[in-house]
Every structure is written in structure tokens, then in C-alpha cells.
Novice: 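The structure's right below; bear with me while I get my questions together.
In what follows, chains carry the letters A, B, and so on, assigned in the order in which the sequence lines appear, proteins first and then strands, with residues in each chain numbered from 1.
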Amino acid sequence: MLFVNNLSKEYNHFSFMNKKSASNRLSNLHDKTHNRSNQTSFNHREIEKVWQKKWEENKLYYASDASDKKKFYQLIEFPYPSGAGLHVGHVRSWTGMDAYSRKKRMEGYNVLYPIGWDAFGLPTENYAIKMGVHPSIITSKNIENFKRQIKSLGISFDWSREINTSDPMYYKWTQWIFLKLYEQGLAYQSETYVNWCPYCKTNLADEEVLANGTHERCGNLTEKRLQKQWLLRITKYAERLINDLEKVNFSPSIRDQQINWIGRKSGAEIVFQLKGKSDKIKVFTTRPDTIFGVTFMVVSPEYAEKYLVNLITEDNKNEVIEYISKSLQKTLIERDNIKKEKTGVFTGIYAINPASDIEVPIYVADYVLSDYGTGAVMGVPAHDERDFAFAKKHSIEIIEVVDGAKEKDSAFSGSGKLINSGDWNGIKVPENLSKIISDIEKQGWGKAEATYHLHDWVFSRQHYWGEPIPIIHCSDCGAVAVSEKDLPVELPYLEKYKPSGTGESPLADATEWLNVACPRCGKQARRETDTMPNWAGSNWYYIRYTDPSNNKEIAAKDKMKHWLPVDFYQGGVEHITLHLLYSRFIYKFLYDIGVVPTDEPYKKRRSHGIVLGPDGRKMSKSYGNVINPDEIVEKFGADTIRLYEMFIGPFENTVAWSYESLEGCSRFLGKLWRAFNTKVEEKTSNILSIKLNQTIKKVDTDVEELKYNTIVASLMELLNVWDDEESLSHDDAKKLCCLIAPFSPHLAEEVWVNVLGEKFSVHQAPWPKHDPKLVIEQTITIPIQVNGKLRSTIEVGREKADDKKTILELAKSDEKVKKWIERKEIKKEIYIEGKLVNFVVN
RNA sequence: GCCGUGGUGGCGGAAUGGCAGACGCGCAGGACUUAAAAUCCUGUUUCACAAUUGUGAAGUGUGGGUUCGACUCCCACCCUCGGCACCA
């Protein structure tokens, strides 16, 4: 109840206040046009548009391929053009990096800061279905809206390089990359269990399914389905995707999340011979040192179905088959929920432990995962908790092989000396694992092996709105690649594009498009009907920005060489194990086949936190807490929302929207505007000069670290000093104007040209430098502590700072300090030059 | 369970070994106004005492430690958020 009241109060307050402030600003407009020097209010509605137009006309933010300046490639994640339009989260990321880019330009860099549209994919298609408008139409409509919104914010994108992943001239190259992957054997078709989203009616990659089993886009529970699909062999790059993280500057959480997801574990693969059969079972283990303790084996239901069904003895067959089919019907979640219970059935088959020669029974159990390791495990009940539980339940022998267990009713997985292990007895494990593994290889029991959590990437979707996979299926020749000269394989216009749910995409009904001659034998053949996931187009888009209209190549070599790699990539945390991982893989592949110039695409990667609603919840229509940037721009201006989103909190933190804080920023800009109009004088006072130089220094370093909130705070401090009857010269006003330009570009431009009378544009002016002599105050305040507690402060001239004797004398004679050191023995006198005095007394 | 991040006023947060709470919000009081809005000024960690400038104590998740001095470094623990997890 309380909560609801607060919220409505907030909204009421907001709308009330805005009506007033809006009309106020409008009423000021009249005076303003007649006498600029007297104006007390910045009319953002008029002024912002004027400058946006002029920047565009003068191509101020166009990045030239032929420039003597040092290049800087600044990238933000391009949006999918949703119907909801720009989110204030986009605004945060893009204006933050806009400030970064603007500063870089002023510092003399040739900055590439491009934008485009990730237009293919599920979200767009789902939205089109909901609105009953064809995705191609809704896409271009949404793009128009996004463009208008972005332009109203004054973001310095280079619009000449705009790209769209659903444009045939763009996806021609997405398909080309697929052909290259296919050529190299990195794209292949296979029938395996995949994640199926019943709501979106499509396959999904592992990365698109959250830990709780739901689809990351729609939030619905996914299922496992056996289906033939295209996969990309990303696992071949697993090692490099981990190791090469050392070459790049990613924040620790991003780096570790990727490592975590790839999930490398090393150990050994052990081969077990089946008793009385020619077949073998391979297992992966991280503890091959416990091999003498193996008393059973367990395979996953999927493994059993695929490889063991025909070997099972007649007595056990029915029970096993029933168990398998029951398990396969269970969803992942169901299998997860019964974690504790170790069900399973005996197959009647035995395997031989290669080390101890003991015959061990083989079971089928659903606690073994089919998609990790080999899908079969060796059971060492004495030293693995799950194996222990299973052995207890099924009365299997337990052989201890590592000495050190304290209790007998649980598995011991700690370190200790081997026992009951033949020649290995006495070896300390797991410390000496590498010696054990080389011994295993010598004996021929198995070999060293690593396994990964990362799987090959499920790359086909049973949807309409995506890039057609450029493959033709021929009954004689099999899957044949479309030849490069026939690219792009254009997506046909379909009226009926809703997903069917049958496992085939709606393209299966596009008869005319579907039936083609086989490129190899010329016989009647059929096009692949699956399309690529939305990640396909976003894999390589930053490469295309370097040469967006090239029709002969993905991009010209010299242009790629000039711009790549991306110097700074900034985006959301939600793509770390999706887009960010995928695009690194594709880039590495392109490097291997000699297309791109380097082996990592992004030198530096940082994330921004999400912007929550004023109520602290994720913005959502159903909560009614969505902030529309259009309204804020209209009522407060682009400069205000820009500054506010910088000030709202640390750039990488999640933050909640606050109207009150927004008003504070609006007030600051108003005050700043008035100061520029009324308080620029002949000379800069000493105090203000020092503050100005300190602020220049701080802004300079804080931009590099994305500490935008403290930048705004220090600008506010500076203005507070200026307001305190200090004077600022024209030259210093220019410096301050430049300092503000990256953050509030419109107001800065208006001040620069129309208040200070400088030449257009402030955004081409050089970035101000601080004077090292002027950041030091002439008088310093030194705190005096007694026993580490602050008792007083003294003011001294800067020139006396290195005179320890005088400072200590002054400190001791201070009235307040005297009280605390009188009649006490001073054991120690500490003076840190220019900083602090501390007396240690009894 | 594993990996990562963080824990500071009424709120967002600042300070990375040296005056804790910058800056902003909110709140309280005041000025201007017929009134309001806007704007401006003053105060604002908590507690106790003094009631005028003040005086003292406590205080950065908890408990220890290092140091003249710790929000900051070290050890142990608790909690929040994010990722992974029947991973053999």
C-alpha cells in the first residue's frame, strides 16, 4: 500500500512539475530571442534541433578512411529495432560512449563511432506477428523511429556507415561466412537432442537457454527434442577462446563468465572393454587416479539407447528399455528436480576394469548427462558422492583407494595416499595426477583428455525472419553449397510466415523459391528451409562498418587493416556468453582463413548496468514503469537526459530511474547557462583557476575509467565555486565549455558560438589541458591528529609544507591540540608532507 | 557447491592507507510572491551534553589482525546481486 502511494506521488509530482517548468521555459523564449545576454533559461527545444541539423550538414562526425590522425574505433552493440523504440538503457550506453568518442575526437583522434540495425531474428518476427504486419515493413518502420530518437539525443554516430542485417547486400556476406565454414568442415548437419522452445517454435542454442531451463528471450520453459539441424563447430576453438582472453582487456567478470561457460576440465579418457563382447565404452574422468576403485559403470539413457540396446541381456531388456523411454520423456527440469535420488537399472552387461581386471556391472541412470564428457562414467563410490549414493542404493561393492577418509558413511574426495592400487600405492593424489595419467597412457588404459561445457553451436532456426542457409539438398549429391556467385540467397516475401511448429520453417511452403536445380548435377533439388539465428548477422557486423557498401568482398583488406580491431567495445552483460563469445569465434575463424587482420576482434570490452524503473523493478509495460526517452527529451532536453544518465550512478552498476535526480541535473544545466551568460569577466580569480584546472585533470582521467558520475559531480562543484562570487575569464570560459562539450553537446555548442562568439564548432576545438602549476593550492589545510583522532586543522602556505619543524611547532601550539597533549609524553611525531600531522601520546 | 561482483547517512552515491559521507536528491527553516511555481540563502550521519559560535563519544556488513593511522591491506565469517552446477 505504502509502495503504491509513493509511486503515484512520484508520478503526480513529475507531471505537475513539468507542466509548470515547460510553460516557464516557453515563456522565457520570447525574451531570449531579443536579448541573449539577459537570458536566464536555456530553450532546449529550439536550440538542440538547430545544432543537430548543423552538425549533420557539416558532416562533423564522419570518419574518414584516409586520415593522418590516429584511428580510434569505438563500438556499441547495435540494437534490434524493437517496436517499443529506444530504451533509456540504450541512451545510457550510447551517450556514455558518445562522450568518450567526442573527447577522443577533441584529442585529435580519427574516431569511428558507427550504428546499424540487428534487424533479423525472433524478437522482430514475434513483434510482427503480434501486430499483424509483415516483418520487413515493421522493421523499416521501427528503424525510422529509432533514427529519429537517436538524432534527438545528439549522438555523434557516423550515419554514412549505417548497416542493416536484413538487407540482402548485407546478408550476402553472412551467407558467405556460412559457406566458408561449411567448406572448412566447421558447419555440419546432425541429428541430436536440441533445446526446443514450444512458444517460439524453434530450436535454440545452449547459450539461449537459461540455467532454469527457460528461453532467454520469451521466458518459456524449453524441452529436449531429437532433431536434425545445422551446427557450427565452436568447440574446435574452445581452447583459443579461453587462452586468448589474456591478449585482451575485458573486465574480470566478463572474462571469468566466458571461461566459466566454456568450462574446460582436464583429466583422462579411460577405455573399458565389455566382457565377452567386442564393444568398448569410453569414459571421461577428472580423477583417473582412482581407477582401482571403479566397481561399476553408468551410462546415460541417451547413450544406452544409441549404443547399448542391442547388447542388453534378454532378462534385463524390458526393464532397461522402459527406464530409458521414461527418462527421455522427462524434461530437463524434471530430471533436475529429483537430483537426490539415484535411480537406475542394471543392463546385465559387464565391463572389465583395465587396471584391476575386476568385472564391473553396467547400469543405465539418468543422473549421468548425455552431453557432458562421453555420456558414460566410471563409478568410484569410495571417492565420489554421487557414485557413493548410487552404490549404496544398488548394493554395489565399495573399494577405498585413497587413504584419509574419516567417516565411513560418505565418499572421501580429499587428498591422500593411494592404497589398493597396485604399483601406485603410496603416491599422493590428486597432487601427482600428471604422473598417473602418463602411466595410464603407458599401460594403454586410456589417454589424457580435456572436456568442455561448451557444445557445438546449434545454428538453424525453424523460422521465417532470418538469413536462408545457402545449401541445396539433392537426393543424389546430398547437401550441396550454393555457389558464391549466386549469393545472396534472398529471403522470399511470404504472406504466411508464422512458425509451423512441425520442425520445418515456413519457407517449406514457398514452392517457387524452394525447388531449384542441384548446383552439382542439375537434377531437381530442394533448398534448405531453416534460417540462421539472429546471432548470425551480429557476429561480424563491426567488420562491415569498415566498408559498408562493398559488393565484392566482406570488406576491403586495407580498410579492415586500418580500422580493426575495435579499440573499445561497450555493451550489455546479457551477451557475454552469446554474441560476445560467438563473434570472437567467427572472427578467429575469419583470421584463420586469411580474411581479417588480427586474431581478436575487440581490444577492450566493458559493460554497462541496466536502468530499472523508478520502483526498482525491470522496466515493463505490465508494471507501468517504462520511461520513454522521447518524453524526457521533450520536457527537459537531450543534454539533461544525457547528463542525468551519466550522473545516475557508476556506469557499470545497475541503477533505478529517479525523476528527482533528473531535475537536479536540469537545474545544474540551467545554472551553468546563466553563469556563462552573466558571469564571464576580465580575469579568473585564483580560487576558481585552481578549481578549473583540477576539474580538467579529473574529467580527463575519469572519462578513461568511465567514471561519469564523478565527472558530473566535479563539474557541479566547479560551478558552485564559480557561483560563489568568483570570476571567470573568457579564455577560461572557453576551456570549461570544451570540458562540458562531450557530455552536454548542444548547450556547449550554443555557449561556444552564441555566447562566447567562437567559431563553429566546439566539437572540433582541442581538448583542454590542465596547468600542473595551477592545480596546487597556495594555502593548504593540514589536519592534526592525536592518537589517530582528528583534533584540529591548521592552515599554512604551500611553501612551508616541506618545513617539518615549523609545521610540528604550529601544530603543537594550536589551542585545540594543546588540550590533548598537555601533561602527556609525546612518544612519536608524524608528519606526512602537505597531508597530515599525528601525535602519539600516552 | 564453484566462479565473479558488491555491502558506507532517509535515498543514489564519493573517498583505494591520511579530515568518512564529495556531488545530487529528499527533508526542515528562511527570502522573494496576494498565493503558488521557479529561483536564492541556511541547516541536515547518529547519540549525549550544551542550547550562541559549540563540546564529546560512536560510526563504512560481523569478528579478529597489521599500522602512528584502515571504508581502503591481511585472516575468518555473514549477506546482496550476477553466472555456472547431478559436469563424473
Side-chain angles (χ1 to χ4, degrees), chain A residues 16-17 19-21 23-25 27-28 40-41 210-211 251-261 263 265 267 283-287 290 298 335-336 338-342 365-369 371-380 383-387 389-390 451-453 573-574 576-577 607 609 644 647-650 652-665 667-668 670-671 674 707 709-720 723 781-793 816 819 827-832 834-841:
Chain A
F16 182 59
M17 182 270 307
K19 265 178 219 152
K20 289 292 182 182
S21 89
S23 65
N24 237 35
R25 278 163 198 207
S27 68
N28 281 329
T40 51
S41 168
L210 302 180
S251 44
S253 61
I254 299 174
R255 186 195 59 219
D256 291 335
Q257 237 184 88
Q258 286 210 345
I259 292 174
N260 223 330
W261 179 260
K265 278 200 180 160
V283 300
F284 171 77
T285 176
T286 53
R287 292 295 302 272
T290 61
V298 196
R335 272 169 84 161
D336 209 49
I338 43 168
K339 257 178 195 176
K340 298 281 157 349
E341 213 186 322
K342 296 283 176 285
D366 63 6
Y367 81 88
V368 176
L369 305 174
D371 55 3
Y372 187 77
T374 63
V377 301
M378 59 185 214
V380 187
H383 306 290
D384 180 283
E385 262 180 60
R386 291 151 306 176
D387 295 348
F390 192 82
T451 193
Y452 302 90
H453 173 256
V573 285
E574 68 277 17
I576 293 171
T577 55
S607 298
Y644 163 66
F647 187 54
I648 191 168
E652 304 196 33
N653 285 17
T654 296
V655 287
W657 184 269
S658 152
Y659 282 116
E660 286 83 3
S661 196
L662 177 77
E663 283 176 58
C665 291
R667 252 172 246 160
F668 164 71
K671 274 192 221 174
R674 282 192 291 283
K707 288 166 84 174
N709 54 332
T710 55
I711 290 175
V712 178
S714 66
L715 291 172
M716 286 171 169
E717 278 181 56
L718 173 62
L719 178 62
N720 288 344
D723 255 1
T781 307
I782 295 175
I784 316 296
Q785 296 183 341
V786 178
N787 283 347
K789 285 195 176 155
L790 180 73
R791 294 305 175 193
S792 184
T793 57
K816 287 179 195 162
K819 257 194 348 199
K827 285 169 74 185
K828 209 166 175 181
E829 297 173 346
I830 295 145
Y831 174 59
I832 311 295
K835 286 234 174 107
L836 170 135
V837 172
N838 190 11
F839 296 116
V840 183
V841 299

Novice: What integer distance in Å separates A/Ile782:CD1 from B/G69:C1'?
Specialist: 16 Å
Novice: Sticking with atom P, work out how far B/C19 lies from B/U72, rounded to a whole angstrom.
Specialist: 14 Å
Novice: Taking the P atom of each, how far is B/C74 from B/G17, in whole Å?
Specialist: 12 Å
Novice: Under the side chain to side chain donor-acceptor pair (under 3.5 Å) rule, collect the residues that match up with A/Ser714, sequence neighbours excluded.
Specialist: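 Side chain to side chain donor-acceptor pair (under 3.5 Å) check on A/Ser714 returns nothing, list empty.
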Novice: Any side-chain to backbone donor/acceptor pair from A/Gln258 onto A/Ile576? Under 3.5 Å, distance only.
Specialist: yes
Novice: Name the orientation of the base relative to the sugar in B/G9: syn if the glycosidic angle is within 90° of 0, else anti.
Specialist: syn
Novice: Roughly how far apart, to the nearest Å, are B/C3 and B/U8 at atom P?
Specialist: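 That atom pair is separated by 24 Å.
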Novice: Is any side-chain nitrogen or oxygen of A/His453 closer than 4.0 Å to OP1 or OP2 of B/C84?
Specialist: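 Checking B/C84 against A/His453, no side-chain N or O comes under 4.0 Å of OP1 or OP2.
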Novice: Between A/Lys816 and A/Gly373, which residue's closest nucleotide on RNA chain B lies nearer the 5′ terminus?
Specialist: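 Upstream on the strand: A/Lys816.
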Novice: When you measure from the side chain of A/Ile830, which nucleotide among B/C68, B/A88, B/C84 comes out closest?
Specialist: B/C68
Novice: For A/Ile784 and B/G69, what is the distance between atoms CD1 and C1' respectively, to the nearest whole Å?
Specialist: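 From A/Ile784 CD1 to B/G69 C1': 14 Å.
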Novice: Calculate the interatomic distance between A/Leu662 atom CG and B/C25 atom P; express it in whole Å.
Specialist: 11 Å
Novice: Taking the minimum atom-to-atom distance to the side chain of A/Ala713, which one of B/C25, B/A88, B/C23 wins?
Specialist: B/C23
Novice: Provide the distance between the two C1' atoms, one in B/U66 and one in B/A76, to the nearest whole Å.
Specialist: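 After rounding to an integer number of Å, I get 15 Å for this pair.
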Novice: Write out the stems for RNA chain B, ordered by first number and formatted as range with range, counting runs of at least 3 consecutive Watson-Crick or G-U wobble pairs under 3.5 Å.
Specialist: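 In RNA chain B, stems of three or more pairs: B:1-4 with B:81-84, B:10-12 with B:23-25, B:26-31 with B:39-44, B:45-49 with B:54-58, B:61-65 with B:73-77.
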Novice: Between protein and nucleotides 39-50 of chain B, what N or O pairs are separated by less than 3.5 Å?
Specialist:
none

Novice: Is A/Thr290 reaching over with its side chain to a backbone N or O of A/Arg287, donor-acceptor style, under 3.5 angstrom?
Specialist: yes
Novice: Just by distance, do the side chain of A/Tyr644 and the backbone of A/Gly664 share a donor-acceptor pair under 3.5 Å?
Specialist: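 Not at all, since once roles are kept as given, no pair shorter than 3.5 Å links the two residues.
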Novice: Looking at A/Glu385, I want to see if its CD is surrounded by more than 12 non-hydrogen atoms of other residues, nucleotides or ligands under 6.0 Å.
Specialist: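 Check fails, neighbour count at 12 or below.
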Novice: For atom C1', what is the distance between B/G21 and B/A14, given to the nearest Å?
Specialist: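 Straight-line distance between the two C1' atoms is 8 Å.
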Novice: Could you pull out the protein-nucleic contacts involving nucleotides 57-61 of chain B (nitrogen or oxygen on both sides, under 3.5 Å)?
Specialist:
residue, atom, partner, partner atom, Å
B/A57, OP1, A/Arg791, NH2, 3.3
B/A57, OP2, A/Arg791, NH1, 3.0
B/A58, OP2, A/Lys789, NZ, 3.2

Novice: Relative to the 5' end of RNA chain B, which residue comes earlier, A/Lys265 or A/Glu717, by the nucleotide with the nearest heavy atom?
Specialist: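 Nearer the 5' end of the strand: A/Glu717.
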Novice: Examine B/G69: is either OP1 or OP2 under 4.0 Å from a nitrogen or oxygen in the side chain of A/Lys835? Give yes or no.
Specialist: no
Novice: Using the P atoms only, state how far B/G43 lies from B/C77, rounded to an integer number of Å.
Specialist: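 Going atom to atom, P in each nucleotide, I get 47 Å.
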Novice: Find out whether the Lys NZ or Arg CZ of A/Lys342 is both under 6.0 angstrom from the six-membered ring centre of A/Tyr367 and within 45° of the ring's axis.
Specialist: yes
Novice: When the distance from CG of A/Asp387 to C1' of B/C87 is rounded to whole Å, what number comes out?
Specialist: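 Result: 13 Å.
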Novice: Calculate the interatomic distance between A/Glu652 atom CD and B/G82 atom P; express it in whole Å.
Specialist: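 Nearest whole value for this atom pair: 17 Å.
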Novice: Would you kindly check whether a donor in the side chain of A/Lys342 faces an acceptor in the base of B/C86, or vice versa, at under 3.5 angstrom?
Specialist: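 Side chain to base: pair present.
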Novice: Given 3.5 Å as the limit, does a donor-acceptor pair link the side chain of A/Asn838 with the main chain of A/Gly788, or not?
Specialist: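 A pair under 3.5 Å: yes.
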Novice: Please check: side-chain N/O of A/Asn787 versus main-chain N/O of A/Lys789, any donor-acceptor pairing under 3.5 Å?
Specialist: no
Novice: Determine the Euclidean distance between corresponding C1' atoms of B/A22 and B/U60; express it in Å to zero decimal places.
Specialist: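 Taking atom C1' in both B/U60 and B/A22, they lie 15 Å apart.
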Novice: So which protein N/O to nucleotides 2-7 of chain B N/O distances come out below 3.5 Å?
Specialist:
none

Novice: From the options B/A88, B/G24, B/C19, select the nucleotide whose nearest atom is closest to the side chain of A/Asn720.
Specialist: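 Between B/A88, B/G24, B/C19, the one nearest the side chain of A/Asn720 would be B/G24.
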Novice: In whole angstroms, how far is the C1' atom of B/G17 from the CD atom of A/Gln785?
Specialist: 12 Å
Novice: Under 4.0 Å between a side-chain N or O of A/Tyr367 and OP1 or OP2 of B/A88?
Specialist: no
Novice: Measure CZ/A/Arg287 against C1'/B/C87 and give the value in whole Å, please.
Specialist: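 A/Arg287 atom CZ is separated from B/C87 atom C1' by 15 Å.
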Novice: With rounding to whole Å, what would you report as the distance between B/G82 and B/G69 at their C1' atoms?
Specialist: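 Those two atoms are separated by 36 Å.
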Novice: When you compare the protein's N or O atoms with those of nucleotides 8-14 of chain B, which come within less than 3.5 Å of each other, and at what distance?
Specialist:
residue, atom, partner, partner atom, Å
B/G12, O2', A/Ile648, O, 2.8
B/G13, O3', A/Asn709, ND2, 3.4
B/A14, OP1, A/Asn709, ND2, 3.0

Novice: To the nearest Å, give me how far apart CD (A/Glu829) and C1' (B/G69) are.
Specialist: 16 Å
Novice: Between A/Thr374 (side chain) and A/Ala376 (backbone), is there a donor-acceptor pair under 3.5 Å?
Specialist: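 Yes; at least one donor-acceptor contact below 3.5 Å.
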